[in-house]
Protein chains: 4
Amino acid sequence: MQVDTPVRERVMRAAISLFAAKGFGATSIREIADAAGVTKGGVYHYFESKDDLLFEVYTRMLRMQTSRMRTMADDDSLPLPQRLHAIVADVVETSIANLEEAVVFFQSVHLLAADRQDQVRAERRAYQDRVRDLVAEGQATGVFRTDVPADLIVNYHLGAIHRLGSWYRADGPLTAEQVGTHFADLMLASLRP
Amino acid sequence: MQVDTPVRERVMRAAISLFAAKGFGATSIREIADAAGVTKGGVYHYFESKDDLLFEVYTRMLRMQTSRMRTMADDDSLPLPQRLHAIVADVVETSIANLEEAVVFFQSVHLLAADRQDQVRAERRAYQDRVRDLVAEGQATGVFRTDVPADLIVNYHLGAIHRLGSWYRADGPLTAEQVGTHFADLMLASLRP
Amino acid sequence: MQVDTPVRERVMRAAISLFAAKGFGATSIREIADAAGVTKGGVYHYFESKDDLLFEVYTRMLRMQTSRMRTMADDDSLPLPQRLHAIVADVVETSIANLEEAVVFFQSVHLLAADRQDQVRAERRAYQDRVRDLVAEGQATGVFRTDVPADLIVNYHLGAIHRLGSWYRADGPLTAEQVGTHFADLMLASLRP
Amino acid sequence: MQVDTPVRERVMRAAISLFAAKGFGATSIREIADAAGVTKGGVYHYFESKDDLLFEVYTRMLRMQTSRMRTMADDDSLPLPQRLHAIVADVVETSIANLEEAVVFFQSVHLLAADRQDQVRAERRAYQDRVRDLVAEGQATGVFRTDVPADLIVNYHLGAIHRLGSWYRADGPLTAEQVGTHFADLMLASLRP
DNA sequence: GATGAATGAGAGTTCATTCAT
DNA sequence: AATGAATGAACTCTCATTCAT
């Protein structure tokens, strides 16, 4: 992994903003270069291909969110429901803090090169599986309802979080923290036995 | 692809499948024509532009789902929670019944021509507003919790439904009806005061 | 040559207007059909090809103007200068009376099919040659100046007439008759020995 | 087509020749690229659109001819008739020296993008107006006839010049200088009071 | 006499990418 | 480290034309 130079980072930021605003397919390298204040050749100096730029969005987001989730999931000092609550609130907050990345994330996976798509989906799946295990554990210990499959529960609630980018606005009435708390509250409430 | 179905319909079906599988931007008119067994010119005989093809997906889905929702929302013979339960279960079932359309729907709005994007978003917004009013009514009459804003509640739960296409598989363990019931159960449970 | 039905004439008129307004190349059969109130197939019922439509403009104009010119050129009852004056005034007037045809005429010859282009140019050449002979006759008899070649004189003055369509407007200050007289006056004045 | 001239210029020359020979509409980018010895992409590296190519013909011609005309029109050291004579002879000579451009010029204005068409027509109009003022000045001072409107006079004689491209051939009997003198002689003769 | 479905060739244009400098 | 010239493939879309009905 290359070290981030200021220029490289500027290109990356420009790409993310444009991908979020116009979509990956509708954004040209030319536009990214212009927005970053370099030439097309300059972009290719730091990234091998347009696909590389997109892939890095996924790498960054996944690594960060997965790492935070795992830390919290493995923290036995809290009872399981509180742990789940904290995890959901946290992923909401980091998604909002990186809203453009989040928008790109759930809008453009299918445009990644096939092998990278597999890789991203696998990591995504691992994330989901870990959360599913927490839910299943709660069902086994009787703190969560058991009439709904754990997989569906996770798909349901993570799905809700994945749509954040389509409606949340920084200048709206709710802070990231408030949304995080509300989301976690709704999830936990829905799981009461 | 059948040869005896009307050409226009064959083109539309081919387009929906390809859009769902590869994304709107990554699907070429050439591919649609090939899949439908016509020439490129043939596609343009029935549709004015690629955008037209996409727009028709939205028109069909929106009209159908909005109409069903309104009928149920206005049906005073059921108590409000049951009405909401029925609405959610129904939109889940029709989304699964038209899963490819649903995938396209939530993946490609931003690729529509600007004016049509506005139109779709406005109709979508009307849909959400109607559901939000039901939730708010429940909050006012004390059957739903009031510590979470109605708007956020609707964004949360409709968001979960909108991600159906990213994980539901027809050959999986759950029928559309089961998913509908589970989703509606989760939503209602999360709203208990 | 087919007899003119009202529909056929309507198609022809629509074509001329559109060719004059937008150019031959930029006008589609579809537009002609729409303007004439028929379908594309209808146009092809009366004309074999788009080129046919254009060619007929030339046929009509050339036949009409050549015939009028010849009649006047051969009329020995008038002295030569007056004959030339009348000829010029007349071609100006008929060009203005059929201004759209005239515009098409001098803007689109090069778009005709090659063989028809040759044919039109040959007839056009015959027209010029006849006028050139009149000028040469005047030079031989001493009524016109001889220091300028007759060919150049004809090219000069017919050229001026051919540009009529680029500036004459029916709602402008001058009638067709006035323009005809002025043009003929200018020509004759320029030829004084 | 030479290989060592700068690419941009080679493309421009190829475009002018083809536009003059076949017309703007009937010339494809492909043909221009082939004639210039580059690829289609190469053409678009230097020109944003086909329209750009055409527009540049107008820009070059207008700037050059307008500037020459103004210098001569403003030169008070010559009496007005001689000035007008020199102007006409000069525009004829430069038109012949750039005959292909001249052909394109008067054949394809109507194919330019609307806004550029306006711009070209406005500059063209300014050119005509300046010449018209010279004629009017001559009428006011009694050196030119007054029974024909100055506007019509200018339209007449500039019209004749604009048709040069339709008949002048470099291998014909007359040099550019001879044609220029003859044209100017004819014009001046036609203006005698 | 007239239609509209269907074609096929080609148009202008965009763009990710390569590479010599 | 960075540029800009140049490519080539693909794209959406247009259109004159044909033909069965």
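Numbers restart at 1 for each chain; the letters A, B, ... are given by sequence-line order, proteins then strands.
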Whole angstroms only, please: what is the [atom1]-[atom2] distance between [X] and [N]?
X       : N      : atom1 : atom2 : value
B/Asp52 : F/dT12 : CG    : P     : 14 Å
C/Lys50 : F/dT17 : NZ    : P     : 8 Å
A/Leu18 : E/dC15 : CG    : P     : 12 Å
A/Arg10 : F/dA1  : CZ    : C1'   : 13 Å
A/Glu48 : E/dC19 : CD    : P     : 13 Å
C/Leu53 : F/dA16 : CG    : P     : 10 Å
C/Lys22 : F/dC15 : NZ    : C1'   : 12 Å
A/Phe47 : F/dA2  : CZ    : P     : 13 Å

Kindly write out the residues that satisfy side chain to side chain donor-acceptor pair (under 3.5 Å) with [X], not counting sequence neighbours, or none if the list is empty.
X        : result
B/Ser166 : none
B/Asp34  : none
A/Gln65  : A/Thr94, A/Ser95

If the condition is salt bridge (Lys or Arg N to Asp or Glu O under 4.0 Å), which residues does A/Asp51 pass it with, not counting sequence neighbours?
A/Arg116
Whether B/His45 contacts E/dA6 is assessed here as follows: a side-chain N or O lying under 4.0 Å from the phosphate OP1 or OP2. Is that the case?
no
Taking for D/Ser49 and for A/Asp51 the nucleotide of DNA chain E with the nearest heavy atom, the one nearer the 5' end belongs to D/Ser49
Counting only heavy atoms and a strict 4.0 angstrom limit, can you tell me which residues of residues 27-44 of chain C come near DNA chain F?
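The answer is C/Thr27, C/Ser28, C/Ile29, C/Lys40, C/Tyr44.
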Parallel, tilted or perpendicular: rings of C/Phe105 and C/Tyr58 (30°, 60°)
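Judged by the thresholds at 30° and 60°, the geometry between C/Tyr58 and C/Phe105 is tilted.
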Over all heavy atoms of both residues, which pair between A/Leu18 and A/Thr27 is shortest? Give the atoms and the distance, please.
O-OG1, 3.4 Å
Minimum-distance pair of heavy atoms, taken over all atoms of C/Leu111 and C/Gly25
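That would be CD1-N, 4.2 Å.
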With respect to the side chain of C/Tyr46, which nucleotide from E/dA6, E/dA2, E/dA16 is positioned closest?
E/dA2
Counting distance only, does the side-chain N/O of B/Gln117 pair as donor-acceptor with the main-chain N or O of B/Leu112 below 3.5 Å?
yes
Report yes if the side chains of D/Arg10 and D/Tyr46 come closer than 4.5 Å at any heavy-atom pair, otherwise no.
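When only atoms from C-beta onward are counted, D/Tyr46 and D/Arg10 do not touch, as no gap falls below 4.5 Å.
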Taking Watson-Crick (N1-N3 plus N6-O4 or O6-N4) and G-U wobble (N1-O2, O6-N3), each under 3.5 Å, can you produce the dot-bracket string of DNA chain E? Use [ ] for crossing pairs and | for inter-strand ones.
.||||||||||||||||||||
